[in-house]
Every structure is written in structure tokens, then in C-alpha cells.
Novice: 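Sharing a structure here in C-alpha cells format.
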Amino acid sequence: MNKVLFSLVLLCVVNISAFAGSHAKVFLIGGQSNAAGSGGLQDSYPAIYQQPQSDIFFWTGGRLATDGELDYSSWDRDADSTFRLLQPGSGNYVDGSASGCELSLGRALADMFPEETIVIIKYGMSGSALQRGLRNEGAGDWCPDVDQTGTFEGSRYRIFKNSAVLPGLQAIEAANFTYEIAGMCWIQGETDAGNSAAANAYQVNLENFISKVRLDFNCPDMAFFTAKMNAGVRTYADVVNLAMDNVAAADEKVYSIYVGDVSFNTDNIHYNATGQVEIGLRFAQAYWDHEVGLNCEALGNFNDVSNFADAENIVFDNYVPDDAADNGVNLNNVGTFTGFVDGINGQESVGILVDGSDGKVVFADYSSAAITSDIAAGKWGNAIYPDSGQSITFSFVDPADISVKMPVSRVGFKLVAVGQGDDVRAKFLDEQGRLIYTSGILSDGNFGYRCVNVEDNEVNAIFQVVLAGAAGQLWTTGHVGDNSTVDFSFGRVKCSQYLKSDLNFDCDVNLLDLAIMANEWMQSTKL
């Protein structure tokens, strides 16, 4: 099912019926202020999120003229009555100045599932509790009508159900969509963590809440993701975090995700735009890892890839002539490049492509003082580089026939000159160009990864590596004139399966693996 791209859309409110006949993958968001998006001012988000995302639909709940619910100051906007494109200002606040984790969550999910239509339905209220009656006035609570008697249903759950989820699902059905509610992201707990009784009741309350959501919206297999907070936010934060872990341990479709280490505003309670982006990416990655069954892990550092006996190691030095007039050559100007000229070791055709088709890849001799030619993205001196959305893409191919894709199982690279706000990440893609894994934010350093199936430890092949980041002064993969012998490393897939005891990933379980285990016997890395 192809997505329709609205390249000429001027209005951001859309009718989902334009996509009739498609299938929607629906994700719900609920909670208190950090779910509503109180900290994420829209102009603080990276450029990729600043414009409406034409392939992601969004619906937010809020006030309905006839619902009789208490208005809570300016923190409860009117509910949507139709879908709109996911865009800045998607928070639950009347002035439209803030957004939440949905901007990055939606983008990541759309990249992961290019053949699906991603729909996000959200409602959040500042200060709201899960414990019944804890916030009767104003903020209210999320306690559902657990016993089905109709005697009590928290105001926030009622608004979530009646102004967000049910009308959103009805609009999807009216457009002749098929759909699934694939997951719910729950960003709540700070209010309950400030009260001993509420904190100690959180586990039971959360279990009841998840059961009621699955029942009310007919999604018994829906994945549910909780956001664990920083222990210093509230007195009983550890109690609430433990409750989330306990619920996850008892329900194979519930996952507790720690987010207390992301960036806050100065109040140390509300996540800023950088933090909200990171939370959305963590939720999306958790869904992929746990529900799709793929995962990638850091091997430690670059050497853990390049030191393998079968590693294919590449040096980027001195490809571009040292006297390049513009201190950089865009690959678009020199055609498709199928190998690297290694200024130290000579020509090596290693079967790796650098894709310059989008104009975002630069192979740059970027400094007259340091004679080097690392692959760079960004801006430097008078060289002309893209203004935003820098990326470098490596595609792995057969050296004898570059039209034939060849998978790899390990990847190592170096990053240099990464600036604050560049938001550089590594993305790994499969043979169809689908996202397998997105790393966290990377800084200067050496990185190594492998991708495996979390269920059976079988290798998941990597066909492309994309190093992507926001606009910055310059960031590069490689080094700066340090005469390194290796800048980029990879190992091709050669095992049908990596056994868990294959500690050095050579496809054999033997004395070498036993020696690794013996060398680390009784060591511990617990914090």
C-alpha cells in the first residue's frame, strides 16, 4: 500500500478518506503534562520535525462542547474533529506552542513501516493522576470504570475515550480503512509518585488501566509502553518505576522504558524538545525490538568490529586532491563511486557505495591545514553543502557486481566534529530499505554494532548504514589527518545463525569462546 505524498498541500487539516483502502497502524498516547508536551516548544525541535509530516495522521482529544467536563485552565484544547497531518503544536495546549514525543515517534514508525499508514491518537493532561480521586478538581484522574458498573470513570479517561480514541477510530472506519491498535505509550506517574498511597497502589491501578484500554477499544494484544521517570522527580518515583517494571514482568505485551535520563527544561520535571524527541525514538525502537523481533546492539567500540579476522576495513584519507579549489567535492559531480582511494595503502575496491543521489553526501578535503578527505556532512568554509538534514549513506554491494546487494552483520565507524544540536544517529536498513534500528544520539567517538534477532539470536542482515543528523557546522565519519589506517569497518554475513555461546561471532562454538568466558569469569558490570 503506497502512501500519498502531499507535496502541494497548503492546509494541514486533512480528510483521511483520501487514503481509502489502506491499512492504518494506530498508536495511542496518554498521560500527564509530559504526554501533553508541556516542555517541547515547537521551534526547539530539529528541522525534520518543523514541517507537517505528510505521511502521518494525528488526532488529539480535548474539550467537547457538550461533554460537561471541567476545563483545566489553558491546558485543555478543543478536541479534533478530523485528522490532521502530524505537525508542530501537536500538544494538548490551547496556544499551540508545544509538542510532545509524537513528532519523533510518528516519523520513526513511518520509516519502520513504509507500507503502512501511521495514525497517532493522543490525549494528555497536566497534573493528572492514575489514582482515583487524587486530583478530583481540575487535573482529574485516569481511573477507568474497572468493574463495569458505571459508578465511576475518571474525567481524563473519559475525555481520552470519548474525544480522542473512539471518534478517531470511527473516522478510520468511515474511510473504509482496516486498522490495528498496535501500541499505547503511557507517559504518566509523577503525580502519583508524590503520594505514598497512590504510589503503592500504582501497580494494581496500572494493570486495571491497561486491561480497560484493551477491552474498551477491542485490542487484546495491544503492546503497552510505560515511561519510567528520574528517581529525583518525586519522593516515591522509585515505587512507581518498580510498579511499572512489575507490570511489565507479569504481562509479555507490556514494556517499561526508562526515560529519566533525557533532557529536561530548567524545572527538571518537564522534558524539553530534545528530550521529547529521544522519548519518541525510544518508544518506536522498543516497539520494533519487542514486537517485530529485531534488535541491534553496540559491540563496544570500533575496534570490536575492525579487529575481527574477516573485517573489511576502509581508509578515507586523500581521495580528493589536496588542492581542491572548493575544499570539497560533492559526489554528484564525479558520478557513482564504487571504491575508495586509500592515500596510505593505495587503491582498494571494497564493494561499498556512497550514495550521493540526494545531494546530501560530501566526500570532502575540508581543511587546507589538515590534508585529509574524510566523508563529511555539514558546512565548512566556502564549500557548498546542504542547509539542513545532513546524511551519509553506505550501501553494501558485491565488489564484482555493484548491482548485487550484499548483507553485513557488523558495522564500525568513527565520528568527528559532531556539534551540540547536530543530533547525529546511525540508522541500519534491511534489503527493502526498511529501518532495522536507530541508535541514540552520537557524539565524537568510535562505534561498533551488530544486528541480531532477539528471539533466536539469528543475525539480521544490514544492507545500508545511514549516518544522519540535523544541520550543523560540520560533522564527519573518519578522522582529521591522524594517519589512521581504518575509518570504516564491516563484516559480511557468513553464519546462518549465531549461537548464544559463539562469543567471538565466528560461527563456531569452540575453545576460543571458552577462553573468552574464562577470562571474564566472575567479573561483574553491575552499576
Side-chain angles (χ1 to χ4, degrees), residues 25-32 34-35 100-102 105 108-109 112 122 124 128-131 141-144 146 157 160 180-193 198-217 219-234 236-262 271 275 278-297 437-438 440 452-457 526-527:
K25 205 172 188 71
V26 180
F27 291 83
L28 311 178
I29 299 176
Q32 53 186 106
N34 279 319
C101 71
E102 60 275 1
L105 173 67
L109 291 171
M112 289 174 176
K122 162 180 160 174
S128 54
L130 185 58
Q131 172 80 344
D141 62 65
W142 287 83
C143 182
V146 177
Y157 184 78
F160 172 69
E180 61 174 311
I181 301 179
M184 178 169 180
C185 302
W186 180 243
I187 312 175
Q188 194 281 332
E190 290 87 347
T191 295
D192 298 71
N200 284 293
Y202 200 87
Q203 181 173 336
V204 172
N205 287 339
L206 183 60
E207 290 171 342
N208 289 337
F209 179 80
I210 295 171
S211 296
K212 192 60 165 56
V213 170
R214 288 171 172 167
L215 177 65
D216 280 353
F217 309 127
C219 49
D221 297 323
M222 179 192 74
F224 193 95
F225 302 89
T226 65
K228 296 194 295 181
M229 71 200 85
N230 187 302
V233 170
R234 291 287 187 264
Y236 304 104
D238 282 339
V239 177
V240 171
N241 284 346
L242 179 60
M244 293 180 183
D245 286 338
N246 289 341
V247 175
D251 187 326
E252 64 179 8
K253 303 286 284 186
V254 176
Y255 312 99
S256 55
I257 313 299
Y258 183 66
V259 301
D261 58 336
V262 305
Y271 305 116
E278 181 63 25
I279 291 170
L281 293 175
R282 290 187 188 183
F283 278 137
Q285 192 62 55
Y287 179 80
W288 183 269
D289 291 347
H290 295 295
E291 293 296 299
V292 182
L294 302 180
N295 192 13
C296 292
E297 62 182 4
Y437 180 80
T438 300
V452 299
N453 187 297
V454 295
E455 296 297 329
D456 57 16
N457 211 38
K526 293 180 179 178
L527 297 177

Novice: Keeping Gln32 on the side-chain end and Thr191 on the backbone end, is there a donor-acceptor pair under 3.5 Å?
Specialist: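 Judged by distance alone, yes, a pair lies under 3.5 Å.
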Novice: Taking side-chain contact (heavy atoms from CB on, under 4.5 Å) as the criterion, tell me which of Phe283, Phe209, Phe225 meets it with Met184.
Specialist: Phe209
Novice: Less than 6.0 angstrom separating the ring centers of Tyr287 and Phe27, yes or no?
Specialist: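 Ring-ring flag for Tyr287/Phe27: true, centres closer than 6.0 Å.
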Novice: Mind checking whether Phe224 and Trp186 have parallel, tilted or perpendicular rings, split at 30° and 60°?
Specialist: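 Plane angle between 30° and 60°, so tilted.
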Novice: Is there a side chain to side chain contact (heavy atoms under 4.5 Å, CB included) between Val213 and Tyr157? Walk through the geometry before answering.
Specialist: CA-CA 9 Å; Val213 170; Tyr157 184 78; 3.9 Å; yes
Novice: Please report the interatomic distance CG(Asp261) to CD(Glu278), rounded to the nearest 0.5 Å.
Specialist: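 Reported to 0.5 Å precision, the distance equals 7.5 Å.
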Novice: Starting from the C-alpha separation in whole Å, work towards a yes-or-no answer on side chain to side chain contact (heavy atoms under 4.5 Å, CB included) for Leu130 and Tyr202.
Specialist: CA-CA 7 Å; Leu130 185 58; Tyr202 200 87; 3.8 Å; yes
Novice: I need the Thr226 OG1 to Gln188 CD distance, nearest 0.5 Å.
Specialist: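 Between Thr226 OG1 and Gln188 CD, I get 10.5 Å after rounding to 0.5 Å.
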Novice: Report the relative orientation of the aromatic rings in His290 and Tyr255; use parallel for angles under 30°, tilted for 30 to 60°, perpendicular for over 60°.
Specialist: parallel
Novice: Say whether, by atom type as modelled, one donor and one acceptor occur between the side chain of Gln131 and the main chain of Ala129 under 3.5 angstrom.
Specialist: no
Novice: For Val233, is there any backbone N or O sitting under 3.5 Å from a side-chain donor or acceptor partner on Glu190?
Specialist: no
Novice: Quick one: does Asn34's side chain have a donor or acceptor within less than 3.5 Å of a partner on Ile187's backbone?
Specialist: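 No: the side chain of Asn34 does not pair with the backbone of Ile187.
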Novice: Do any N or O atoms from the side chain of Asn241 and from the backbone of Met229 form a donor-acceptor pair under 3.5 angstrom?
Specialist: yes
Novice: Any chance you could measure Arg282, atom CZ, to Ile257, atom CD1, to the nearest 0.5 Å?
Specialist: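 Atom-to-atom, Arg282:CZ and Ile257:CD1 are 9.0 Å apart.
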Novice: Using the side chain to side chain contact (heavy atoms under 4.5 Å, CB included) rule, take Asp245 and Lys228 through it: C-alpha gap first, then chi angles, then the decisive distance, then the call.
Specialist: CA-CA 9 Å; Asp245 286 338; Lys228 296 194 295 181; 3.0 Å; yes
Novice: Heavy-atom distance under 4.5 Å between the side chains of Met112 and Leu109, does that happen here?
Specialist: yes
Novice: Short question: side chain of Lys122, backbone of Ala35 - any donor-acceptor pair under 3.5 Å?
Specialist: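 Between the backbone of Ala35 and the side chain of Lys122 there is a qualifying donor-acceptor contact (under 3.5 Å).
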Novice: From Asn200 CG over to Asn205 CG, what is the distance, rounded to the nearest 0.5 angstrom?
Specialist: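 So the CG of Asn200 and the CG of Asn205 are separated by 11.0 Å.
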Novice: Using the side chain to side chain contact (heavy atoms under 4.5 Å, CB included) rule, take Asp238 and Leu242 through it: C-alpha gap first, then chi angles, then the decisive distance, then the call.
Specialist: CA-CA 6 Å; Asp238 282 339; Leu242 179 60; over 6 Å; no
